[in-house]
Amino acid sequence: LRSFNSLLNDLLKGEKMGLFWKVYEGMIPGKISPDVYTFTTLVGAFCKIGNINEARRVFKEMGEKGCSPNAVTYNTLIAGLCRNGRVGEAFEMKREMAEKCLVADGFTYATLVGGLCKEGKSEEAKLLLDEMSKMGLKPNHVTYTTLIDGFMRQGDIEQAFALRDEMVKCGIQPNIITYNTLIRGICKMGKMDKAHELLHEMVQMGYKPDVFTYNLVIEGHCREQNLGKACALLEEMKKRNV
RNA sequence: UAGCUAUAAUUG
């Protein structure tokens, strides 16, 4: 069964959906019955293709088959709902978790924070941090980076950098994704000098600019009609094999 | 006493 589940996940990650369904259908009638992992993977698969109705159907049916959704299953569905702009329903699921005595964890909150941010409600998302600490949960890289991205997309650079400072104060060092997120925000605003400042800072901190970083900064320079700098970076990334 | 598999953040 574990091998089956692993196989299903590999197929899903490799976007081999045709094979994915064949393998899944092959396991149902046989001796091996799906477990929570299998069902959760299935819920995730439907979410991934944007078919929330099917995801919900699997979610409901697994319970009827004596295999109740656990916190991971809830988180998976909540992520699917958020990705599809159905944040209201996502919060409803969080409430349902509590009713079922399942504990919302860092994944749950980071997902909901992302959902709200995507709707342009970063302020509201930030309030979830308070709720988290009441629950005894500490925000991590993902939570902060998600929020920073949310504020950046709303054009609130101040708040984004304030959150960066806050995470550092809490002992969480920005990682490469955090840097890329900050760089994305300021490049979009055309502040290319500030972008290079951050680029320098991330190198100082021991991070190597990756494809994301280069693409963002190059695009920024192109938008500012500075093809010279864009090409220089392109050369640099070629030389570094990124 | 239950290992190994499932969920959240950045470019194109």
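For clarity, every value in this text was computed on a predicted model and none was experimentally measured. Order of the sequence lines sets the chain letters (A, B, ...), proteins ahead of strands, with each chain counted from 1.
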My understanding is that only residues two or more places apart in sequence, or in another chain, count here; which of them pass side-chain contact (heavy atoms from CB on, under 4.5 Å) with Arg153(A)?
Asp149(A), Arg184(A)

Which residues within residues 190-209 of chain A lie with some heavy atom under 4.0 Å of an atom in RNA chain B?
none

Would you call Glu235(A) and Lys239(A) a salt bridge, using N to O less than 4.0 angstrom?
no

I need a per-nucleotide contact map over nucleotides 6-12 of chain B, read 5' to 3'. Cutoff is protein heavy atoms under 4.0 Å; write B for the base, S for backbone only, - otherwise.
BBBBBB-

Is the gap between the ring centers of Phe59(A) and Phe39(A) under 6.0 Å?
no

Counting N and O atoms only, with roles assigned by atom type, does the side chain of His141(A) sit under 3.5 Å from a partner on the main chain of Gln173(A), one being a donor and the other an acceptor?
yes

Can you give the donor-acceptor pairs under 3.5 Å from side chains of residues 154-162 of chain A to other protein atoms, not counting sequence neighbours?
unit_1    : atom_1 : unit_2    : atom_2 : d
Gln154(A) : OE1    : Ser122(A) : N      : 3.0
Gln154(A) : OE1    : Ser122(A) : OG     : 2.6
Asp156(A) : OD1    : Gln159(A) : N      : 3.0

Would you please name every residue forming a side chain to side chain donor-acceptor pair (under 3.5 Å) with Glu124(A), sequence neighbours left out?
none

Residue list, side-chain contact (heavy atoms from CB on, under 4.5 Å) with Cys222(A), at least two apart or on another chain:
Ile218(A), Leu227(A), Ala230(A)

Provide, to the nearest angstrom, the distance between the CG atom belonging to Asp35(A) and the C1' atom belonging to A2(B).
13 Å

Does Glu123(A) come within less than 4.0 Å of Lys126(A), counting only side-chain N to carboxylate O?
no

